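We use all heavy atoms of the structure for the numbers below, so side chains are in, but hydrogens, waters and symmetry mates are not. On a predicted model such as this, the values are computed, not experimentally measured, just so you know.
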Amino acid sequence: MVNLFVPPSYMAVYAKCVDASMPAFEPEEWIEEGKVYSVKHFTEPLNQGDGFAVTIIDEDGVEIHPSSSHWSFASTRFELYTLHLN
């Protein structure tokens, strides 16, 4: 089982897409290079050399899923930023 991390209410996490290359499968929704997305939650790394899974949302708060079997994106596709809110 993989732990899921949800940013607390005083923190906002954003992901700027740096790699929008298409995967081997044909995604239903995809990301745009240079665009910044809000992060809804993310997982712990599965292996030390691997990144983690990032679930992002659009401007309306709707999750973006590449397909019905892929609900998240690899963190290696993004630069992640954290803002601590007052």
Side-chain angles (χ1 to χ4, degrees):
M1 182 172 187
V2 177
N3 288 327
L4 192 65
F5 298 108
V6 178
S9 60
Y10 61 84
M11 184 186 302
V13 180
Y14 296 97
K16 180 181 178 184
C17 178
V18 295
D19 177 10
S21 59
M22 294 298 277
F25 64 94
E26 289 192 31
E28 296 169 9
E29 300 178 293
W30 201 241
I31 48 180
E32 297 175 38
E33 192 163 335
K35 187 170 180 178
V36 177
Y37 299 90
S38 294
V39 174
K40 183 173 183 180
H41 46 70
F42 50 94
T43 64
E44 63 187 359
L46 299 175
N47 296 310
Q48 275 196 318
D50 292 345
F52 44 92
V54 178
T55 302
I56 58 174
I57 55 177
D58 64 14
E59 297 85 7
D60 298 323
V62 178
E63 291 183 14
I64 299 172
H65 301 295
S67 72
S68 56
S69 61
H70 294 79
W71 279 50
S72 299
F73 293 87
S75 62
T76 54
R77 293 185 176 274
F78 301 95
E79 289 178 355
L80 297 175
Y81 299 94
T82 304
L83 296 175
H84 292 268
L85 311 171
N86 290 336

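- For Tyr14, the ring-ring contact (aromatic ring centres under 6.0 Å, His included) criterion is met by no residue, not counting sequence neighbours.
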Which side-chain N or O atoms in residues 74-82 pair as donor and acceptor under 3.5 Å with protein atoms at least two apart or in another chain?
| from | atom 1 | to | atom 2 | distance (Å) |
| --- | --- | --- | --- | --- |
| Ser75 | OG | Phe52 | N | 2.9 |
| Ser75 | OG | Phe52 | O | 3.3 |
| Arg77 | NH1 | Asp19 | O | 3.0 |
| Arg77 | NH1 | Ser21 | O | 2.8 |
| Arg77 | NH2 | Ser21 | O | 3.3 |
| Glu79 | OE1 | Tyr81 | OH | 2.6 |

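- For the atom pair CD (Glu32) and NZ (Lys16), the distance works out to 13.5 Å, reported to the nearest 0.5 Å.
- The two residues Val39 and Pro7 come nearest to each other via the heavy atoms O-CG, 4.2 Å.
- We find the CD1-OH distance between Ile31 and Tyr37 to be 6.0 Å, quoted to the nearest 0.5 Å.
- Side chains of Met22 and Pro27 form a contact here, defined as non-hydrogen atoms less than 4.5 Å apart.
- Both Met11 and Val54 are part of a single hydrophobic cluster, where members link through side-chain heavy atoms under 4.5 Å apart.
- Between Phe42 and Phe5, the two ring planes are tilted [angle within 30° to 60°].
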Please set out all donor-acceptor pairs under 3.5 angstrom arising from side-chain atoms of residues 59-70, sequence neighbours excluded.
| from | atom 1 | to | atom 2 | distance (Å) |
| --- | --- | --- | --- | --- |
| Glu59 | OE2 | Lys35 | NZ | 3.1 |
| Glu63 | OE1 | His65 | NE2 | 2.8 |
| Glu63 | OE2 | Lys40 | NZ | 2.6 |
| His65 | ND1 | Trp71 | O | 3.0 |
| Ser67 | OG | Ser69 | N | 3.3 |
| Ser67 | OG | Ser69 | OG | 3.3 |
| Ser67 | OG | His70 | N | 3.1 |
| Ser67 | OG | His70 | ND1 | 3.1 |

